[in-house]
Amino acid sequence: MSRPRIAVLNAAHDPEHNRRNFRRELDADVVEFDVVSQELPETFDFDGCLVTGSRASVYWDEEWIDPTKEWVETAIDRGLPFLGVCWGHQLLADVLGGRVEPMGEYEIGYRTVERTGESPLLAGVDEAFTAFTTHSDAVVDLPPGAEHLAENDYSIHAFRKDRVFGVQFHPEYDMETAESVTKGKDLPDQRIQAVLDGINEENYAAACEAKTLFDNYLEFMRELRTGEPSAAD
């Protein structure tokens, strides 16, 4: 069987980290679109779509955000399976009728996330797992009919609605990305240093467990392509 073909909507203003990380983690033919530059697919002829993180907020009035939402909404209506990461998680929730708001604080660093429900996306991941987080917005209301899959004391960290999955944390991050992103935050020096101190081999190794979700997402797409019964159904 041919490799799955995935559209990656890269919403980073500096897209290189996303490009490297997702191409490494996705065993698929990846076609990337720089949505910040208003580059969107001209077709929906993909096996799936991934929406990346971003420095933007989904409620900002930037000229590229509404067209991205419109394309995503149409693709969802056509049955394309989606995975959203961080900003992508928030965008998918917003498009599906959920609500995203500023948190009034920042979550950043390796933290514990707890599963709240069963899902094929998180199959093989412990009930409580380590993940790198960096966000100041959160999904505060899930879309109608969505399943709540994971959370911590800051926010909802994963959901599913039909063929759409979102995760607030960053399973794709390597240590280089975690360090670069942390150093770029406008936070007190002491807090920045505390996060940097936590970016080490031990925490990264623990966080690699969550990378399983990429293989799970690909398997979910494979089952849709072949028509085989899915554990999700």
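What you see is a predicted model; the values in this text were computed from it and never measured.
Counting all heavy atoms, side chain and backbone alike, Ile6 lies closest to Ala28 at CD1-CB, 3.7 Å. Contact detail for Arg23 and Val30: the closest heavy-atom pair is NH1-O, 3.5 Å. Nearest heavy atom pair, residue Gly198 against residue Tyr110, reads O-CD1, 3.3 Å. A pairwise comparison of heavy atoms in Val58 and Ile65 identifies O-CG2, 3.7 Å as the closest pair. Considering every non-hydrogen atom in both His170 and Gly53, the closest pair reads CE1-CA, 4.5 Å. Taking each heavy atom of Met103 and Ala138 in turn, the nearest pair found is CG-CB, 3.6 Å.
Among pairs with a residue in residues 72-83, none fulfils side chain to side chain donor-acceptor pair (under 3.5 Å), at least two apart in sequence or across chains.
Here the side chain of Thr112 pairs no donor or acceptor atom with the backbone of Phe129 at under 3.5 angstrom. Proximity of a side-chain donor or acceptor of Ser37 to a complementary backbone N or O of Glu39 within less than 3.5 Å is not detected. Proximity of a side-chain donor or acceptor of Thr130 to a complementary backbone N or O of Ala207 within less than 3.5 Å is not detected. Side-chain N or O atoms of His148 include one that pairs as donor or acceptor with a backbone N or O of Ala150 at under 3.5 Å. Listed for the Asn200 side chain is a donor-acceptor partner under 3.5 Å among the backbone atoms of Glu202. For Thr182 (side chain) and Val195 (main-chain N/O), no donor-acceptor pair under 3.5 Å exists by modelled atom type. Between the side chain of Gln90 and the backbone N or O of Asp137 there is at least one donor-acceptor pair closer than 3.5 Å. The backbone N or O of Tyr59 lies less than 3.5 Å from no partner atom in the side chain of Ser57, so there is not a single donor-acceptor pair. Judged purely by atom type and a 3.5 angstrom limit, Tyr217 has no side-chain atom pairing as donor or acceptor with the backbone of Thr212.
One distance of note links CG of Asp34 with CG of Asn10; it measures 6.0 Å at 0.5 Å rounding. Note that the CG atom of Asp197 and the CD1 atom of Ile192 stand 11.5 Å from one another [nearest 0.5 Å]. With rounding to the nearest 0.5 angstrom, the CD1 atom of Ile76 is 12.0 Å from the CZ atom of Arg163. Distance check, rounded to the nearest 0.5 Å: NE2 of His157 to CG of Asn152 gives 3.5 Å. The distance from the NZ atom of Lys185 to the CZ atom of Arg55 is 8.0 Å, given to the nearest 0.5 Å. With rounding to the nearest 0.5 angstrom, the CD atom of Gln168 is 9.0 Å from the OG1 atom of Thr134.
A salt bridge links Lys211 with Glu25; the closest basic N to acidic carboxylate O contact falls under 4.0 Å. Classification of Arg24 and Asp174 as a salt-bridged pair holds, one side-chain N sitting under 4.0 Å from a carboxylate O. A salt bridge links Arg111 with Asp153: the closest approach of a Lys/Arg side-chain nitrogen to an acidic carboxylate oxygen falls below 4.0 angstrom. For the pair Glu16 and Arg20, the salt-bridge criterion is not met [side-chain N within less than 4.0 Å of a carboxylate O].
Side-chain contact between Tyr173 and His17 is absent, with no heavy atoms from C-beta onward closer than 4.5 Å. Using a 4.5 Å heavy-atom threshold, the side chains of Pro120 and Arg160 count as touching. Pro4 places a side-chain heavy atom less than 4.5 Å from the side chain of Leu218. The shortest distance between side-chain heavy atoms of Phe214 and Phe22 falls below 4.5 Å. Proximity of Leu40 to Pro67: side-chain heavy atoms (C-beta onward) are separated by under 4.5 Å at one or more points.
Leu92 is connected to Ile156 through a chain of hydrophobic side-chain contacts under 4.5 Å among Ile, Leu, Val, Met, Phe, Trp and Tyr, so both are in one cluster. Note: the hydrophobic cluster containing Ile199 also contains Val181 (ILVMFWY, side chain heavy atoms under 4.5 Å, direct or indirect links). Under a hydrophobic-cluster definition in which Ile, Leu, Val, Met, Phe, Trp and Tyr are linked whenever side-chain heavy atoms come within less than 4.5 Å, directly or via other members, Val167 and Phe82 are assigned to different clusters. Transitive grouping of hydrophobic side chains (ILVMFWY, heavy atoms separated by less than 4.5 Å) keeps Val8 and Val95 in distinct clusters. Placement of Leu96 and Val100 within a single hydrophobic cluster is found when ILVMFWY residues are connected by side-chain heavy-atom separations under 4.5 Å, directly or transitively.
In summary, of the residues considered (Arg225, Arg5, Arg3), a salt bridge (charged side-chain N to carboxylate O under 4.0 Å, His left out) with Asp47 occurs for Arg225 alone.
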Test Glu147 against Lys161 for salt bridge (Lys or Arg N to Asp or Glu O under 4.0 Å), laying out the working first.
-> CA-CA 6 Å; Glu147 303 170 60; Lys161 183 172 183 182; over 6 Å; no
Going through the checks in order, is the side-chain contact (heavy atoms from CB on, under 4.5 Å) test met by Asn216 and Leu122?
-> CA-CA 7 Å; Asn216 292 340; Leu122 298 177; 5.7 Å; no
Kindly indicate, with the supporting measurements, whether the criterion side-chain contact (heavy atoms from CB on, under 4.5 Å) is fulfilled by Asp141 and Glu101.
-> CA-CA 9 Å; Asp141 289 324; Glu101 290 187 350; over 6 Å; no
Test side-chain hydrogen bond (donor to acceptor under 3.5 Å, both in side chains) applied to Glu62 and Trp60, step by step | CA-CA 6 Å; Glu62 294 201 357; Trp60 283 3; over 6 Å; no
Audit row: Leu91, Leu9, side-chain contact (heavy atoms from CB on, under 4.5 Å) steps and yes/no = CA-CA 11 Å; Leu91 181 88; Leu9 306 188; 5.9 Å; no
Would Trp64 and Ser54 satisfy side-chain contact (heavy atoms from CB on, under 4.5 Å), going step by step from the backbone distance to the final call?
-> CA-CA 12 Å; Trp64 61 274; Ser54 178; 3.9 Å; yes
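In the displayed structure, Glu127 atom CD is contacted under 6.0 Å by more than 12 heavy atoms of other residues, nucleotides or ligands. The neighbour count for Gln38 CD, taken as heavy atoms of other residues, nucleotides or ligands under 6.0 Å away, is above 12. With a 6.0 Å radius and a threshold of 12 heavy atoms from other residues, nucleotides or ligands, Glu105 has its CD atom above the threshold.
Aromatic ring centres of Phe169 and His135: separated by at least 6.0 Å. Two rings, from Phe220 and Phe165, have their centers less than 6.0 Å apart.
Using cut-offs of 30° and 60° on the angle between ring planes, the pair Phe46 and Phe33 is perpendicular. Taking the six-membered ring where the residue is Trp, Trp71 and Phe44 present parallel rings, their angle staying beneath 30° rather than reaching 60°. The aromatic rings of Phe159 and His89 sit tilted, their planes meeting at an angle between 30° and 60°.
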